Amino acid sequence: MQIILCDDANQVAAVAASWFQTLLAQKPQAVLGLATGSTPIKLYQQLIALYQQQQISFAKCSSFNLDEYYDIAAEHRNSYRSFMQNQLFDHIDIDPERTFLPSCSSQDNPRLVGQAYERQISTMGGIDLQILGIGSNGHIGFNEPTSSLNSRTRLKTLTEQTLKDNSRLFTKDEIQPTMAMTMGIATIMQARYILLLATGKSKAEAVKQMISGPVSANCPASILQMHQNAVVILDKEAASLIEEQSYLRNAANENQRLISRYGLNLGDL
Ligand code: GLP
């Protein structure tokens, strides 16, 4: 696990955006794994700015989102499809036909939807760079604590903590979905690179468990300890419980030098 310590949320976004630039310079047809939530919004703003300055193009990319609420209309203002359109897709040159979310209505068989999503990711050659946030309970995507570390895309019931954390986005008269389709932990782990972004004090404990706790289904993000190319980008508050910060800074600088010299490792999955 590589840990990059940043001063603030703007720097977290800038560092993450530079990974996209490196990736797309090396592989313009990259397959991107995208996330929702408040954390990646600044990253998406940076990507839009880079696109407007003609420093990056998504024209040949495809994208797969981590998750989508169960049985929510794409046009609903709180669907993750709407989020992605508003925060990113509508402002860049990605082909809308190649942006995928694991949408599942009550008319669909969730098991078949999950399997089809997995097949589609494989058909496109697998995810090159997966963006993740982290829930205050250590979840990634909607893989809540106790999720199988070997799980694949499927329907998950959300915990009370997650419902509470996300309730700010729903008005009193809107029904907040209690289930979601999410990539599984094994699906996420298959990405060639993973960038997990965390900002703010409310994430500090989950970040500590992820980095230095045991690998455990109680903190799904801790599985990233087993990934060959997992990069965790933190602001000061999210990193406040992390030890050995000067070692981490040195190691991150060395890793950056290696990537500048040899490029990203985008070989076979
Ligand atoms: C949500 C999403 C996750 C996200 C997390 C944190 O429920 N399913 O993908 O990483 O919670 O969200 P935020 O960035 O808003 O704190």
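Counting convention: from 1, in listed order, for ligands and their atoms alike. Values in this document were obtained by computation on a predicted structure and should not be read as measured data.
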Aromatic ring centroids of F89 and F58 under 6.0 Å? no

Could you tell me which atoms of ligand 1, counted from 1 in the order shown, lie closer than 4.0 angstrom to a heavy atom of G133? 10 (O)

Any luck finding a side-chain donor-acceptor pair between S167 and Q176 under 3.5 Å? no

Show which atoms of ligand 1 fall inside a sub-4.0 Å distance from at least one heavy-atom site of T39. 13 (P), 14 (O), 16 (O)

Within-shell test, Q161 vs ligand 1, heavy atom, strictly < 4.0 Å: no

Is G141 in polar range of ligand 1, meaning some N or O pair under 3.5 Å apart? yes

Y70: ring-ring contact (aromatic ring centres under 6.0 Å, His included) partners, not counting sequence neighbours: none

Would you mind checking which non-hydrogen protein atom is closest to atom 12 (O) of ligand 1, with the distance to 0.1 Å? G37 CA, 4.0 Å

Report the part of A35 (side chain from C-beta onward, or backbone N, CA, C, O) that has a heavy atom under 4.0 Å from ligand 1; answer both or neither where that applies. neither

Parallel, tilted or perpendicular, judged at 30° and 60°: which one describes the rings of F83 and Y44? perpendicular

Please say whether T36 places an N or O atom under 3.5 Å from an N or O atom belonging to ligand 1. no

Donor on one side chain, acceptor on other, T162 and E144, under 3.5 Å: yes

In terms of residue, atom name and distance, what is the protein heavy atom nearest to atom 6 (C) of ligand 1? I134 O, 3.5 Å

Identify the protein heavy atom lying closest to atom 8 (N) of ligand 1, giving its residue, its atom name and the separation to 0.1 Å. D67 OD2, 2.9 Å

Of all protein heavy atoms, the one nearest atom 16 (O) of ligand 1 is K203 NZ, 2.6 Å

Decide whether E254 and N250 meet the rule of one side-chain donor and one side-chain acceptor closer than 3.5 Å. no

Relative to the heavy atoms of R168, which atoms of ligand 1 are at a distance of less than 4.0 Å? 15 (O)

Those residues that, when tested against Y117, pass ring-ring contact (aromatic ring centres under 6.0 Å, His included) (two or more places apart): F64

Nearest protein heavy atom to atom 11 (O) of ligand 1, by residue and atom, and its distance? H139 NE2, 3.1 Å

Could K236 and D8 be called an ion pair, given the rule that one side-chain N must be under 4.0 Å from one carboxylate O? no

